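First the proteins, then the strands, lettered A, B, ... as listed; each starts at 1. Note that the structure is a prediction, hence the values are computed from the model and not measured. When reading the values below, keep in mind they use all heavy atoms of this one structure, side chains included, and skip hydrogens, waters and symmetry mates.
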There are 2 protein chains.
Amino acid sequence: QTSFPPFILSIIVGEILRLNEDPTVHGVALHLSENAYSNKILNAVKPEKDVDGVSDVNLGRLVRGDTYNCSISPTASAVMELLEKLVKTVDGKKVLLVGTCGPLEASLQCLLQRKGAMTMSCQWKTQQLQSKVNIFLSMPIWPAHAFCTTSCHTPRVHRAAQTNHPQFLLYCLSLRWSSSVSALITPTPLGEGKSTVTIGLVQALTAHLNVNSFACLRQPSQGPTFGVKGGAAGGGYAQVIPMEEFNLHLTGDIHAITAANNLLAAAVDARILHESTQSDKALYNRLVPVVNGVREFSSIQLARLKRLGINKTDPGTLTADEISKFVRLDIDPSTITWQRVLDTNDRFLRKITIGQANTEKGFFRQAQFDIAVASEIMAILALTTSLADMKERLGKMVVANDKNGQPVTAEDLGVTGALAVLMKDAIKPTLMQTLEGTPVFVHAGPFANIAHGNSSVLADKIALKLVGEGGFVVTEAGFGADIGMEKFFNIKCRTSGLVPSVVVLVATVRALKMHGGGPNVTAGAPLKKEYTEENLQLVADGCCNLQKQIQIAQLFGVPVVVALNVFKTDSHAEVDLVCEIAKQSGAFDAVPCNHWSAGGRGAVELAQAVRKAASQENSFKYLYNLELPIIEKIRIIAQKVYGAEDIELSPVAQSQISRYSKQGFGNLPICMAKTHLSLSHQPERKGVPTGFILPISDVRASIGAGFIYPLVGTMSTMPGLPTRPCFYDIDLDPDTEQVKGLF
Amino acid sequence: QTSFPPFILSIIVGEILRLNEDPTVHGVALHLSENAYSNKILNAVKPEKDVDGVSDVNLGRLVRGDTYNCSISPTASAVMELLEKLVKTVDGKKVLLVGTCGPLEASLQCLLQRKGAMTMSCQWKTQQLQSKVNIFLSMPIWPAHAFCTTSCHTPRVHRAAQTNHPQFLLYCLSLRWSSSVSALITPTPLGEGKSTVTIGLVQALTAHLNVNSFACLRQPSQGPTFGVKGGAAGGGYAQVIPMEEFNLHLTGDIHAITAANNLLAAAVDARILHESTQSDKALYNRLVPVVNGVREFSSIQLARLKRLGINKTDPGTLTADEISKFVRLDIDPSTITWQRVLDTNDRFLRKITIGQANTEKGFFRQAQFDIAVASEIMAILALTTSLADMKERLGKMVVANDKNGQPVTAEDLGVTGALAVLMKDAIKPTLMQTLEGTPVFVHAGPFANIAHGNSSVLADKIALKLVGEGGFVVTEAGFGADIGMEKFFNIKCRTSGLVPSVVVLVATVRALKMHGGGPNVTAGAPLKKEYTEENLQLVADGCCNLQKQIQIAQLFGVPVVVALNVFKTDSHAEVDLVCEIAKQSGAFDAVPCNHWSAGGRGAVELAQAVRKAASQENSFKYLYNLELPIIEKIRIIAQKVYGAEDIELSPVAQSQISRYSKQGFGNLPICMAKTHLSLSHQPERKGVPTGFILPISDVRASIGAGFIYPLVGTMSTMPGLPTRPCFYDIDLDPDTEQVKGLF
């Protein structure tokens, strides 16, 4: 434990004493991090200026227990209530608040939002705040770095930290995995609120149950944000703020991935062109030029020589044969698997022909752009455990085969270092907060079908250190339990070495009705009455899907808590029925949640259930051994998780499997690329499909990320813009800088 | 004038008094912003702890005059000397420095660099610094926002500000244009050091002549950084730091432009597809859907109805004809001028065919990717004067014509608001600093051939307010005076309403020799001996180009100071000859500069000349009236600036000119897209070519940016990767996070 340096304590006391005597100041509210609350400070406030009662009864609510090591106020809701009182009491008078303006500002936003429109942006300017509530913020934020004492990766404090985020204390505590993973039943195309449950749960844990907690979320792609789906910051009173930053560029991680991905793509085609149009000698002279009279290999080139078995360091001594081996990667253009990416829903780039300008001398070929989050570099970011590990993975990425069928990697192209440089900031998780001040890490966001779809290992690990013993980290797994959770266990847990204590399975009455035989649910179209009126039969029938998803989680030996995300159209009887069936089906507990409308308060029951489940014995096991043949691993997932009778491999899939096995990649885990809209490969088959044969059309590999991904049918890796995209409603007020229409 | 709030002064004093009594502290060096140096503080330091003599003789060097409103230390060099002393004196002992760690850290870097390798990175971690020089930084930085009182745009403080940038005081002073624009003679392909002169000049002004100054630079594209040219942070002791951030993502401005540009591109093609495959009724139902039982136009759609002359607000009342007009933009695919962009040198995207997937139903067409900085959105960012102005310009961008030949804009596609949202942070200039602590704004970086190539109007305006009366803002103009400077005057000055006091024309002996008939200069190849040995005849012959560029500047009525960027191979006689000829040719002054090897000290003479020139009468005038016909304006530039006999328009160019004139765009300024390697259109013609007819192959328009750009020959808008790209030398040390090989 640490406290503020003495001179800072004396500043605070000095300032309070000054304010005590200032007749224009009608009250002092303290909002400091817990370790600033010494008796010295508390005693300094004159009783008549003590508007928030910090020196007596409320102290317990404002100051957290001494094991709480993250100085983000856990009491945003308490402060909010105080502020509500303040604004009433001192309306029109000048109230001076001493303290960090991070969670305070958030609380004020919350307060003002409650008094005004729900859709109001959360990015209040200090000046705007002042004019609204007549409050003057006197104390600057202590800069984050001044109090950082950490031996683990320092989380990058988001840019907004300069004005509205709190400082952050890091300690390395004993690592204890008290995390829960938030997964989902098979969803409707509208989404069932996995993010809001995650946020509501940590809000309940921290602000209402006094348990340290952290949420780890993925950053959404700009494609859906401007396309069909909208953002992914949660919703209602369970949101990440500032929501606009979360849904836009944030710290530029996805842009960094785009830049790195496309540098590698450009290097592949340029290399083919240069090799095709130059002699060995010309290539060698250009690759190893004389600079200031000296001819030297770069370190990247020395490493390549070593891989080729050429133990020479003087460029003058290579034989013609060695030069040829050195200068030619001999990439077979028909085997290129490395695609370009953009973070835009641009359907016209799904299939393109590149290299048609005269300057490319006829070397055109067919290619495609994927959405940026589908890049293998994104999957690497989510799975990496350190800078050194990330660099190694980036170098191992396979972009094509050479004409002898051997894999060609990023390292062969000499671009590993540049990729690592482009990704050096992106590896640091971004700190944000919920509306109630709970800390949130936003990091990575791999595509959930062709990649593993989970938030980052690094964010989970740092968050675990921060919450300390008995604390909770809630990390989100993409899509249904058959997709996101299976990959979480079999891929992510293998990389991180961590095991969760609880699975929180999110369900909605709406989705269960769909599985029970309800009509189609389509984004954009109005919901049919089956979904807005009570229908216990549909719910009961649909619970087969919930039961199956519970069983999937149990395959891994982890207790399941079902979180029923309640919509206003759900009847009491429907809610009770789901919870009852869930418990009969083997869930440790099943509780309704109202975080959307009530914030953390609406998820307290869930938080209690999660805490209780986490104290259970945990008998975690993987679903398959890595040593099994690729086909076996695929079959185990298909049968045990999806309920398929068997699998059926296309000839392409078979030859790819034997190629990867030959190339030494047979021992990697499997990352199934399957629709999330059904347990089977057919999106229209709801409930618990049986008796189907899962067709594997192709098998690909992300060697850097470290998995083989079989394609079950066609997976679109580039969404399109609909006739009426989200951006029709998005606007910026040039005077207030307020963003409208993002959600 | 302001000073620190009393409680902060008392902190500082309190801390000094504590340190006076601390036996483990062997000395106190103060490094605070000027307004912290009250007598109260100065008297507090015990004489025996006063290691930097702050209380007496050195005070004058550490504390600047009271008109200096930017608290970035102007005395980085003085501090450096002190530190040099400190490190010697107290080696092995603990010296405590109180102060901001921004310029201090920079100074330490500088110091350590002088003692070690020049290539050492500038991003020192505080801990690394401590271990190196045994110094402990006790006082946190005061956060920027706490002392900001400004009514102008607040500059965005770069992310790195959290750890190593100084605070920043903003005042609105009377606006006085004491800026100089830094331009260039016709350069060699190696570049002649325009950025280093700009940086050296502000270092000299601020740190050595006690004159407030600011440099406004462009951010370089990642394309060249990883391709052929390398970064653009200056070089030697005239550099912007942190150099890595400058050359990489910085605050993501270029990524934001890429995202906005490509969202618009995707919207164009998706719209054509949707219109081609749907009936009026289907389109209308999708564009104006029933949501929760209500059917409403969005505000973007209401604006479109108004433009169409349909004064209705109820979607139910439109006639079939009105619906058809409303739902169909009728874009003619053959007229699309809006291209996709990437910030990567990817030559295979120069000409591509898009839309070849089955899902695009046969609507493939030829298209291209440009480098991101060639996007019109980048030109807009550089020319805009406010958020409202930027939004308006974004909406006005023309992407194609409809089938009646009328322009189709971003506003017609309903994407203006989304583009503004994507660009809302990018509009704020990024604050960085030179190695000697001079403030630098980095903002925008439009392509210098198809766009105007200058840094942003907003950065210039904010910087001018900051330097105050008598201060200097040095802003860079891309390429030679025939390109960058002409566009600076005729395009940028028209938008900003500002006029510079001085033109600084950068020349090198190397480039002049080339113009005098020296052999070819090629990037990557060793220089011929003509360039490394004295050759007065070549220099004298080449000065014709210098003379011509001086005359071009004089066309605008602004005095010219020639800055001869001295290389180590230049002889005294060569240097003297250039300066003499420059003065004979009408330059106000001509001085040699050694900022690369000596920092600001090496550009003091230049700074003095610039100050003197700025006090001259200025008789600024534009080169042409906007009301002239487009052809006339092109001819004036060709004849007066390039020295052409006349111009020759291709049939395409002629028809484009008459189309733009008809569409009402005839009164825009002209932005010539011409090679920068010759005054003519032929790169190989050095010196001062005469007797040529300038061929105009095509004429295009950037309506949002606000200029017409005639193409003189073919302009590549997408560079390629060479056989041995820069990235071969770029690497990241995973332990120290040090970037190697960026320059």
Q | chain B contact via R365(A) - side chain, backbone, both or neither, heavy atoms under 4.5 Å | A | neither
Q.
If I measure from the heavy atoms of chain B, does H255(A) come under 4.5 Å with its side chain, its backbone, both, or neither?
A. both
**Q.** Reported CG-to-OH distance for the pair L287(A) and Y728(B), which is rounded to 0.5 angstrom
**A.** 5.0 Å
Q: List the steps, then state whether side chain to side chain contact (heavy atoms under 4.5 Å, CB included) holds for E244(A) with V421(B).
A: CA-CA 9 Å; E244(A) 291 84 354; V421(B) 166; over 6 Å; no
(Q) Measuring from atom CD of Q222(A) to atom CG of L422(B), what distance do you get when rounded to the nearest 0.5 angstrom? (A) 5.0 Å
Q | Under-4.0 Å salt bridge between D731(A) and K391(B) | A | yes
Q. Looking at I300(A), L742(A), D735(A), which has the largest count of heavy-atom pairs under 4.5 Å with chain B?
A. I300(A)
(Q) Looking at chain B, which one of D733(A), T258(A), D389(A), L263(A) has the largest number of heavy-atom pairs inside 4.5 Å, strictly under? (A) L263(A)
Q. So, for E245(A) and K424(B), which heavy atoms are closest and what is the spacing to 0.1 Å?
A. OE2-NZ, 3.8 Å
Q. So which of A420(B), G293(B), P734(B) has the biggest tally of heavy-atom pairs under 4.5 Å with chain A?
A. P734(B)
(Q) Only pairs of heavy atoms separated by less than 4.5 Å count here; which of R286(B), E275(B), M390(B), R271(B) has the most with chain A? (A) R286(B)
Q. So what's closer than 4.5 Å to chain A heavy atoms on Q301(B): side chain, backbone, both or neither?
A. side chain
Q: Check the side chains of R350(A) and T359(B) for a donor-acceptor pair under 3.5 angstrom, ignoring hydrogens and angles.
A: yes
Q | Most chain B-contacting option - heavy-atom pairs closer than 4.5 Å, from N358(A), L273(A), T416(A), I254(A) | A | L273(A)
Q | Over all atoms of both residues, closest heavy-atom pair of F348(B) and A270(A) | A | CE1-N, 4.1 Å
Q | Contact origin within Q278(A) toward chain B - heavy atom pairs under 4.5 Å | A | side chain
Q | L721(A), part contacting chain B, at a heavy-atom distance under 4.5 Å | A | both
Q | CZ (F363(B)) with more than 12 external heavy atoms under 6.0 Å | A | yes
Q. When heavy-atom pairs shorter than 4.5 Å are enumerated against chain B, which of L248(A), L413(A), L419(A), L349(A) gives the highest number?
A. L349(A)
Q. Which answer fits A267(A), side chain, backbone, both or neither, if we ask what part of it has an atom under 4.5 Å from a heavy atom of chain B?
A. both
Q. Relative to chain A, which segment of Q368(B) carries a heavy atom at a distance below 4.5 Å: side chain, backbone, both, or neither?
A. neither
Q) Which heavy atom of P722(B) sits nearest a heavy atom of H274(A), and at what distance? A) C-NE2, 3.4 Å
Q. Which residue out of E360(B), Q366(B), K740(B) racks up the most heavy-atom pairs below 4.5 Å with chain A?
A. E360(B)
Q. Is chain B contacted by the side chain of F369(A), its backbone, both, or neither, given a heavy-atom distance below 4.5 Å?
A. side chain
Q: Check A266(B) against T344(A) and note the closest heavy-atom contact, atom names and distance.
A: CB-CG2, 4.0 Å
(Q) At a heavy-atom distance under 4.5 Å, which candidate from I352(A), L732(A), T723(A), I730(A) has the highest pair count against chain B? (A) T723(A)
Q. In Å, rounded to the nearest 0.5 Å, how long is the span from CD1 of I354(A) to CD1 of I354(B)?
A. 14.0 Å
Q. Which pair of non-hydrogen atoms, one from H249(B) and one from A259(A), has the smallest distance, and what is that distance?
A. CE1-CB, 4.3 Å
Q: Among L342(A), D343(A), N345(A), D346(A), find the residue that satisfies the side-chain contact (heavy atoms from CB on, under 4.5 Å) test when tested with N262(B).
A: L342(A)
Q) Which atoms of T353(B) come close to chain A, meaning under 4.5 Å heavy atom to heavy atom: side chain ones, backbone ones, both, or neither? A) both
